[in-house]
Structures are given as structure tokens and as C-alpha cells.
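Note sheet for the following structure.
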Amino acid sequence: MSAPARTYPRTIVCGDAEVEIARMTAGDRAALVEFVASLPTQDLLFVPRDLGHPKVVDAWMRSLEAGDLASLVARDRASMVGCTAIFVDELSWSKHVGELRVLVAPDWRGRGLGRALIQECFAQALELGLMKLVAQMTVDQRAAIAVFEELGFRAEALLGKHVADREGRLHDLVLLGHDVDAVHGRMQAYGLPDALGT
């Protein structure tokens with residue numbers, strides 16, 4: 001199952017401001033590095049690899065150029081204020097599952113940007129024909145967990161002392177999952193319009 005591709009860039013309203021959402025390209029590398037450097041270290045535990053390392057960013061850019069990674073960027077004028085990525089391992093037994101990664105600038109939290117980016121990722125997941133999205137974060141990231149749960153994600157696993165931050169502190173990791181395929185199917189069965197738009 002796949003859905004028609006969404007058109008980008010698109011503009012969304014977050015609080016009292018407009019934000020442009022676009023597909024990330026390799027040309028966004030410098031802005032991504034600057035954005036990541038502005039985030040609290042705790043935020044980087046949302047992703048399995050340390051985005052502060054140039055080799056990790058290089059790998060992200062190569063994946064974009066190869067078309068192996070679906071990734072979005074949110075901009076307030078020229079500044080990056082959020083980004084997403086959906087990682088799919090095409091060689092695994094779970095190639096129907098996308099691992100969702102979402103980062104939002106601290107000043108933009110509580111304004112609906114994170115929620116909007118996650119919803120955009122649902123649309124991308126449908127485009128990719130994915131049946132499930134998963135997201136991982138440390139258990140102390142309560143506000144982020146609450147946003148994901150409000151959008152239908154549910155805790156599926158808790159991994160104790162699974163993440164070590166840059167200072168060597170250990171954190172428990174929660175894995176949240178969402179059955180994208182079933183939600184889309186229910187919407188079609190009841191004749192509901194696509195809440196994500198086109």
C-alpha cells in the first residue's frame with residue numbers, strides 16, 4: 001500500500017508563526033550541523049547515532065543523495081527549526097517498519113511543530129508503503145512521549161540502561177510503535193477523508 005506523494009515545500013501555521021516544511025537535501029548539511037549544535041545534548045538521544053559527529057551527518061547526507069532516507073526540514077525564514085527522518089532497513093526482516101526520528105528547536109516546542117512534523121511523517125510512511133512506524137527516546141523525555149502518545153503511538157518495549165550519554169550516564173529507552181497501515185485502512189473503511197491532506 002502506498003499513497004500519492006505530497007507536494008513540498010508547504011507552509012504550516014505553528015502558534016502565531018508560519019513554518020516552511022520541505023524535503024531535506026544534501027544542500028541542507030550546513031544548516032543541519034548548526035541546528036544540531038543548538039540542541040541540548042539530551043535531545044540527541046532521540047537518535048541511535050551521535051548527530052554531533054561529522055561522520056554521522058555525512059552518512060545522513062549520502063543516504064539522502066542515494067534516495068535511501070525520507071527526511072524533512074522545517075524552516076523559520078532561513079533558519080532550521082526542526083527536522084525528521086524515517087529510516088528503513090531494506091535488507092532486514094522488518095523492511096515494512098520505519099524508524100522515525102524527529103528533532104525540534106527548544107524555542108519551537110509547545111507550538112505544535114513537533115506534532116505537525118510527526119503527521120507529515122505519517123504521510124511519508126504511506127508514500128513509502130510502510131505498515132508501521134516506531135520511535136525511540138529515553139524515558140525522561142516525558143513531553144515528547146506525551147506528544148507521540150497523543151498521536152496514537154503506544155509503548156512496546158522498555159530497555160533498561162540502554163543508552164549512555166556523552167558523560168557516560170545511563171538511561172532507560174522506551175520504544176513506541178504505531179500501526180500506520182491499520183489506521184489508514186480504518187479511515188478508508190469509514191469513508192473518512194485523509195486527515196493529513198495531500
Side-chain angles (χ1 to χ4, degrees), residues 1-6 8 21 23-26 32 36 43-51 53 55-73 82-104 114-142 144-165 170-189 194-196:
M1 175 197 67
S2 60
R6 283 166 84 74
Y8 292 100
I21 307 295
R23 294 190 191 275
M24 187 182 288
T25 70
L32 178 63
V36 168
D43 288 8
L44 301 181
L45 302 181
F46 265 101
V47 294
R49 292 181 166 183
D50 183 356
L51 287 177
H53 199 293
K55 288 185 177 180
V56 175
V57 176
D58 289 342
W60 190 337
M61 297 300 108
R62 284 194 303 272
S63 295
L64 286 175
E65 290 177 328
D68 296 333
L69 189 68
S71 195
L72 297 173
V73 57
C83 66
T84 72
I86 300 176
F87 176 77
V88 180
D89 185 351
E90 292 290 344
L91 300 179
S92 80
W93 297 113
S94 299
K95 59 187 175 184
H96 61 290
V97 178
E99 184 182 324
L100 177 57
R101 302 160 186 180
V102 180
L103 294 169
V104 175
R115 178 185 306 276
L117 287 174
I118 296 168
Q119 289 174 327
E120 292 290 333
C121 288
F122 276 119
Q124 285 193 307
L126 291 170
E127 287 175 25
L128 295 168
L130 299 177
M131 298 173 66
K132 182 176 182 177
L133 282 176
V134 296
Q136 63 180 35
M137 59 206 74
T138 56
V139 296
D140 51 342
Q141 293 169 320
R142 294 182 183 90
I145 291 171
V147 171
F148 276 90
E149 289 181 337
E150 287 170 11
L151 290 170
F153 282 80
R154 294 293 173 256
E156 295 189 350
L158 177 66
L159 305 175
K161 299 180 180 179
H162 196 72
V163 174
D165 62 25
L170 298 178
H171 303 267
D172 294 345
L173 188 75
V174 63
L175 181 72
L176 304 171
H178 194 296
D179 190 345
V180 176
D181 187 51
V183 170
H184 188 254
R186 282 196 299 272
M187 290 173 65
Q188 288 183 325
D194 185 351
L196 300 173

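- In this structure, CG in Asp165 is found 3.5 Å from NE2 in His171, a value given to the nearest 0.5 Å.
- Looking only at side-chain heavy atoms (C-beta outward), Val139 and Leu158 come within less than 4.5 Å of each other.
- Distance alone, capped at 3.5 Å, is enough to place a donor-acceptor pair between the Glu127 side chain and the Arg6 backbone.
- Between Gln136 and Val47, the shortest heavy-atom contact is NE2-C, 4.4 Å.
- No donor-acceptor pair closer than 3.5 Å links the side chain of Asp179 to the backbone N or O of Lys132.
- Here the CG-CG distance, from Asp68 to Asp89, works out to 10.5 Å after rounding to the nearest 0.5 Å.
- Considering only heavy atoms from C-beta on, Leu103 comes within 4.5 Å of Leu51 through its side chain.
- Here the CG-CD distance, from Leu173 to Gln141, works out to 9.0 Å after rounding to the nearest 0.5 Å.
- The aromatic rings of Phe153 and Phe122 sit tilted relative to each other, their planes meeting at an angle between 30° and 60°.
- In this structure, Ile86 and Glu99 have side chains that are not in contact, with every pair of non-hydrogen atoms separated by 4.5 Å or more.
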For this session: Verify side chain to side chain contact (heavy atoms under 4.5 Å, CB included) between Val134 and Val97, making sure each step is shown before the conclusion.
Result: CA-CA 7 Å; Val134 296; Val97 178; 3.9 Å; yes
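- Across all their heavy atoms, Glu120 and Leu72 have their closest contact at CB-CD1, 3.6 Å.
- Looking at heavy atoms from C-beta onward, Arg49 lies out of side-chain contact with Lys55 at the 4.5 angstrom threshold.
- Closest approach of Ile21 to Tyr8, counting heavy atoms only: O-CD2, 3.5 Å.
- Residues Ala164 and Leu170 come closest through the heavy atom pair CB-CD2, 3.7 Å.
- We find the CG-CG distance between Leu100 and Leu117 to be 9.5 Å, quoted to the nearest 0.5 Å.
- A 4.5 Å side-chain heavy-atom check between Leu32 and Met61 finds at least one atom pair inside the cut-off.
- For the pair Arg154 and Glu156, the salt-bridge criterion is not met [side-chain N within less than 4.0 Å of a carboxylate O].
- Interatomic distance, CZ of Arg101 versus CG of Leu69, reported as 7.5 Å (0.5 Å rounding).
- A donor-acceptor pair under 3.5 Å is formed between the side chain of Ser71 and the backbone N or O of Thr84.
- Atom CG of Leu133 is separated from atom CG of Leu176 by 11.5 Å, given to the nearest 0.5 angstrom.
- A 4.5 Å side-chain heavy-atom check between Leu130 and Val180 finds every atom pair outside the cut-off.
- The two residues Gly160 and Asp172 come nearest to each other via the heavy atoms CA-OD1, 3.2 Å.
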